[in-house]
Colleague: 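Before I ask anything, let me first share the structure, which is written out below as structure tokens.
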Amino acid sequence: MATRNILIVENLHHQFGKFKVLSGISLEVPEGRLTALIGPNGAGKTTFYNVISGKYVPTGGKVIFDGIDITGMPAYKIAPLGLMRSFQITNIFLKLSVLENVLVPLALHYGKTFSCLTSLGKEKSLAEKAMVILDQVGLKDRAFRPAFELPYGDKRLVEIAIALARRPKLVLLDEPTAGMNPEETERMILLIRNLSRESGTTFFLTEHDMKVVFSVAQYIFVLHQGELLAEGKPSEIRENKAVKEAYLGGALDA
């Protein structure tokens with residue numbers, strides 16, 4: 001049986017005024033495959049994610065998610081379809097507890113009101129689902145701590161838990177290990193691997209740390225100056241001469 005593509009991008013263009021950021025990108029992301037998008041600074045990676053997730057409207061091309069044309073659709077309409085995104089900068093509710101951070105998207109997903117935040121006893125089913133998700137990301141023992149008290153690496157895990165609470169089909173991870181120390185980075189690598197294997201969610205990440213990319217990705221796309229420079233398995237990308245030259249040093253640090 002052929003693998004189904006969860007995301008199809010066709011001839012995608014985006015520009016700010018006269019400045020072209022993305023120029024004719026076409027790619028496909030199969031369901032269940034842990035895919036990475038890499039490229040030097042300024043290659044257009046974040047803009048690509050912004051277009052896919054609905055923050056920007058493309059100036060040309062098409063985006064198909066789970067068989068639905070979402071081109072130009074705003075983020076608040078895309079998210080309920082099952083496409084979620086994390087950000088380079090942690091984006092969580094710092095004044096809420098870790099558990100409450102997950103209850104908010106769960107309430108949205110199941111059509112509940114936010115009153116559950118002040119009456120957890122009446123929403124045991126949601127609380128139980130939230131605890132399962134927190135256990136998945138390794139934060140179950142921190143469920144009742146205010147999010148602002150957590151170390152940086154744990155805040156990033158909360159953000160992933162928030163994404164998982166919407167029961168996504170595809171999660172875009174934008175620099176998931178940015179700002180992390182080596183121990184936190186290793187924990188994130190293990191988490192992404194496990195979630196990709198066990199959660200039924202497809203993960204598509206962009207990441208500057210090549211050690212992270214080559215540790216987790218099954219397939220890699222390379223952007224350079226707004227265009228798709230190369231694609232292939234990690235072993236193929238590692239030996240690709242054009243990719244090495246694009247990274248200025250002549251070799252990938254991995």
Side-chain angles (χ1 to χ4, degrees), residues 1-14 21-39 43-56 58 60-73 75 77-88 160 163-164 166-177 188-189 191-210 212-224 226-238 240 243:
M1 182 183 296
T3 302
R4 189 174 73 98
N5 290 317
I6 190 72
L7 179 68
I8 301 172
V9 178
E10 300 177 353
N11 195 30
L12 194 67
H13 291 259
H14 190 71
V21 183
L22 303 176
S23 301
I25 297 173
S26 296
L27 57 81
E28 298 176 350
V29 176
E31 189 174 40
R33 187 176 71 185
L34 213 169
T35 306
L37 179 72
I38 67 172
K45 302 184 297 298
T46 296
T47 298
F48 178 82
Y49 271 27
N50 284 337
V51 171
I52 299 303
S53 60
K55 184 175 182 179
Y56 297 155
K62 186 178 292 187
V63 180
I64 308 295
F65 170 66
D66 197 27
I68 301 171
D69 187 343
I70 63 169
T71 311
M73 192 180 293
K77 289 187 177 180
I78 292 176
L81 299 177
L83 194 160
M84 298 297 296
R85 178 188 174 178
S86 73
F87 294 85
Q88 291 183 33
I160 290 179
L164 293 176
R166 296 299 299 268
R167 298 295 189 264
K169 299 171 185 176
L170 174 67
V171 174
L172 306 178
L173 296 175
D174 194 353
E175 303 285 351
T177 67
M188 181 64 77
I189 288 172
L191 175 63
I192 293 171
R193 283 177 182 162
N194 290 337
L195 289 175
S196 178
R197 184 173 60 248
E198 299 170 3
S199 69
T201 297
T202 302
F203 290 88
F204 186 15
L205 72 143
T206 182
E207 176 63 60
H208 275 100
D209 189 334
M210 290 300 99
V212 174
V213 171
F214 287 108
S215 292
V216 301
Q218 297 170 294
Y219 198 83
I220 300 172
F221 294 103
V222 185
L223 291 187
H224 182 50
E227 298 181 354
L228 187 61
L229 176 66
E231 63 176 280
K233 297 178 181 179
S235 58
E236 297 169 332
I237 296 300
R238 192 191 300 271
N240 187 297
V243 174

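Since we're looking at a predicted model, the values are computed, not measured. Here, residue 1 is the first one in the sequence, and each next residue gets the next number.
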Colleague: Classify the ring geometry between Phe204 and Phe221 as parallel (under 30°), tilted (30 to 60°) or perpendicular (over 60°).
Modeller: perpendicular
Colleague: Just verifying a value: how many Å separate Phe203 CZ and Leu172 CG, rounded to the nearest 0.5 Å?
Modeller: 10.5 Å
Colleague: With heavy-atom distances below 4.5 Å as the criterion, would you say the side chains of Ser53 and Ile78 are in contact?
Modeller: no
Colleague: Side-chain contact test, heavy atoms from C-beta onward, threshold under 4.5 Å: evaluate it for Asn240 versus Val222 and give yes or no.
Modeller: no
Colleague: Output the distance between atom CZ (Arg238) and atom CD1 (Ile220), rounded to the nearest 0.5 Å.
Modeller: 8.0 Å
Colleague: Starting at CG of Leu170, measure out to CG of Asp66 and round the result to the nearest 0.5 Å.
Modeller: 9.5 Å
Colleague: Starting at CG of Leu34, measure out to OG1 of Thr202 and round the result to the nearest 0.5 Å.
Modeller: 9.0 Å
Colleague: Which atom pair, heavy atoms only, marks the closest approach of Asn11 to Ser26?
Modeller: N-OG, 2.7 Å
Colleague: Grab the two heavy atoms, one from Phe65 and one from Ile70, that are nearest each other, plus how far apart they are.
Modeller: CB-CD1, 3.7 Å
Colleague: Which atom names give the shortest non-hydrogen contact between Lys62 and Thr71, and what distance separates them?
Modeller: CA-OG1, 3.3 Å
Colleague: Counting C-beta onward and ignoring hydrogens, is there a side-chain heavy-atom pair between His13 and Leu22 closer than 4.5 Å?
Modeller: no
Colleague: Can you find a heavy atom in the side chain of Leu229 that is under 4.5 Å from one in the side chain of Val243?
Modeller: yes
Colleague: Would you call Ile64 and Ile68 a side-chain contact if the rule is heavy atoms closer than 4.5 Å?
Modeller: no
Colleague: Between Leu195 and Val171, does the side-chain contact (heavy atoms from CB on, under 4.5 Å) criterion hold? Intermediate values first, please.
Modeller: CA-CA 11 Å; Leu195 289 175; Val171 174; over 6 Å; no
Colleague: How far does CE of Met84 sit from CG of Leu173, to the nearest 0.5 angstrom?
Modeller: 11.5 Å
Colleague: To the nearest 0.5 Å, what is the distance between NE2 on His14 and CG on Leu12?
Modeller: 9.0 Å
Colleague: Under 3.5 Å, is there a donor-acceptor pair between the Thr206 and Glu175 side chains?
Modeller: no
Colleague: Is the shortest heavy-atom distance from the side chain of Ile25 to the side chain of Leu223 under 4.5 Å?
Modeller: yes
Colleague: Decide yes or no on side-chain contact (heavy atoms from CB on, under 4.5 Å) for Glu207 and Ile38, but give the supporting numbers first.
Modeller: CA-CA 6 Å; Glu207 176 63 60; Ile38 67 172; 5.7 Å; no
Colleague: Measure across Ala217 and Pro234 and return the closest heavy-atom pair with its distance rounded to 0.1 Å.
Modeller: O-CG, 3.2 Å
Colleague: For Phe48 and Val9: C-alpha separation, side-chain torsions, deciding distance, then whether side-chain contact (heavy atoms from CB on, under 4.5 Å) applies.
Modeller: CA-CA 10 Å; Phe48 178 82; Val9 178; 4.0 Å; yes
Colleague: Minimum heavy-atom separation for Pro176 to Leu205, with atom names?
Modeller: CG-CD1, 4.2 Å
Colleague: Using salt bridge (charged side-chain N to carboxylate O under 4.0 Å, His left out) as the criterion, list what pairs up with Glu227, not counting sequence neighbours.
Modeller: none
Colleague: Return the minimal non-hydrogen interatomic distance between Ile189 and Ser215, and the atom names on each side.
Modeller: CG2-CB, 4.1 Å
Colleague: Going by heavy atoms in the side chains, are Ser196 and Arg33 under 4.5 Å from each other?
Modeller: no
Colleague: Begin with the C-alpha distance, continue with both residues' side-chain angles, and end with the deciding distance and a verdict on side-chain contact (heavy atoms from CB on, under 4.5 Å) for Met188 and Val212.
Modeller: CA-CA 9 Å; Met188 181 64 77; Val212 174; over 6 Å; no
Colleague: With a 4.5 Å limit on heavy-atom distance, are the side chains of Asp174 and Arg85 in contact?
Modeller: yes
